[in-house]
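These notes concern the structure reproduced below.
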Amino acid sequence: MRYNERELLSLARQPAEKAAEILMRVPKKGSVLKKRLVKLVVNFLFYFRTDEAEPIGALLLEHCRITKEEENVFSISFIEEPERKYCFECDSEEQCQEWIEALKRASYEFMRRSLIFYRNEIQKMTGKDPLEQYGISEEARFQLGARRQ
């Protein structure tokens, strides 16, 4: 997937849903844990050197697996390359669990499923489709069986 570098930098400067300095290891041979500022903005996880304002990398949190590895360690791997893992070591198990939950909620697919769930709940309670007023109730992306490609 291609991204405009200026747009990514602009997004990286937006307020974060979650941010912290934690240890991180990228999936390169010989890579070691390094302290990084990690910042979650929408469905991107940006990582920075702790003394720099621009990110050195970004992970798009789509089609990925977030796994708790140890008490205070979690990893992110992508479905296309499950053997490549980005590892993160937190200060505590509680911090680790908070990151895992925030990252799982960040994906477009999670937001889409939540929208469909609440849409159906509102429809059961009121008898009306809440998306109808916006003219988007029939769009495939808002249907339960629809899959985004």
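Ion pair E101/K104 not flagged as a salt bridge, since none of the NZ, NE, NH1 or NH2 atoms sits closer than 4.0 Å to an Asp/Glu carboxylate oxygen. Residues R36 and E21 are not paired through a salt bridge, judged by the lack of any N-O separation under 4.0 Å between the basic side chain and the carboxylate. Ion pair K39/E17 not flagged as a salt bridge, since none of the NZ, NE, NH1 or NH2 atoms sits closer than 4.0 Å to an Asp/Glu carboxylate oxygen.
Contact check for F88 versus L33: no side-chain heavy atoms found under the 4.5 Å cut-off. Looking at I76 and C64, their side chains come closer than 4.5 Å, going by heavy atoms from C-beta outward. Side-chain contact check for E80 versus H63: some heavy-atom pair is nearer than 4.5 Å. Side-chain contact between E98 and K18 is present, with at least one heavy-atom pair separated by less than 4.5 Å. With contacts defined as side-chain heavy-atom distances shorter than 4.5 Å, the pair D91/C96 does not qualify. E93 places a side-chain heavy atom less than 4.5 Å from the side chain of K68. At least one side-chain heavy atom of L103 sits under 4.5 Å from a side-chain heavy atom of F74.
Contact between I22 and C90 at its shortest, heavy atoms only, is CG2-CA, 4.3 Å. Across all non-hydrogen atoms, the minimal contact from A58 to Y47 is N-CE2, 3.8 Å. A53 approaches F48 most closely through the heavy-atom pair O-CE2, 3.3 Å.
The backbone N or O of I122 lies less than 3.5 Å from a partner atom in the side chain of T126, making a donor-acceptor pair. No donor-acceptor pair closer than 3.5 Å links the side chain of E81 to the backbone N or O of S77. Using modelled atom types, no side-chain atom of S31 and backbone atom of P27 make a donor-acceptor pair closer than 3.5 Å.
Side-chain atoms of E62 and N43 include a donor-acceptor pair closer than 3.5 Å.
Here the CZ atom belonging to R119 is positioned 13.0 Å from the CD atom belonging to E121, to the nearest 0.5 angstrom. Taking CE from M111 and CZ from R113, the interatomic distance works out to 11.0 Å, rounded to the nearest 0.5 Å. If you take CE on M24 and OG on S75, they are separated by 11.5 Å, rounding to the nearest 0.5 Å. In this structure, CD on E5 lies 12.5 Å from OG on S10, to the nearest 0.5 angstrom.
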I'd like to know whether T67 forms a side-chain contact (heavy atoms from CB on, under 4.5 Å) with E69, so could you lay out the CA-CA distance, the side-chain angles of the two residues, the decisive distance to 0.1 Å, and finally the verdict. CA-CA 6 Å; T67 308; E69 300 286 339; 3.9 Å; yes

Could you walk me through whether K35 and E89 pass the salt bridge (charged side-chain N to carboxylate O under 4.0 Å, His left out) test, one step at a time? CA-CA 9 Å; K35 187 167 278 271; E89 185 174 319; over 6 Å; no

Checking R25 against L23 for the side-chain contact (heavy atoms from CB on, under 4.5 Å) test, could you report, in this order, the C-alpha distance in whole Å, the side-chain angles of both residues, the deciding distance, and whether it holds? CA-CA 7 Å; R25 181 174 56 240; L23 295 172; over 6 Å; no

What's the verdict on side-chain contact (heavy atoms from CB on, under 4.5 Å) for F46 and L11, showing C-alpha distance, side-chain angles and the deciding distance? CA-CA 9 Å; F46 294 96; L11 185 61; 4.0 Å; yes

Output, in order, the C-alpha distance, side-chain angles, deciding distance and verdict of side-chain contact (heavy atoms from CB on, under 4.5 Å) for Y86 and F78. CA-CA 9 Å; Y86 294 81; F78 293 88; 4.0 Å; yes

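Within 6.0 Å of the CD atom in E94, the count of heavy atoms belonging to other residues, nucleotides or ligands does not exceed 12. Counting non-hydrogen atoms of other residues, nucleotides and ligands closer than 6.0 Å to NZ of K128 gives a total of 12 or fewer.
Placement of V38 and I56 within a single hydrophobic cluster is found when ILVMFWY residues are connected by side-chain heavy-atom separations under 4.5 Å, directly or transitively. L40 and V73 fall into different hydrophobic clusters, defined by Ile, Leu, Val, Met, Phe, Trp and Tyr side-chain heavy atoms under 4.5 Å apart, directly or through other members. F110 and I66 sit in two unconnected hydrophobic clusters of ILVMFWY residues. Membership requires side-chain heavy atoms under 4.5 Å apart, directly or through other members. Using a 4.5 Å cut-off between side-chain heavy atoms of Ile, Leu, Val, Met, Phe, Trp and Tyr, with links allowed through other members, L59 and L8 fall into different hydrophobic clusters.
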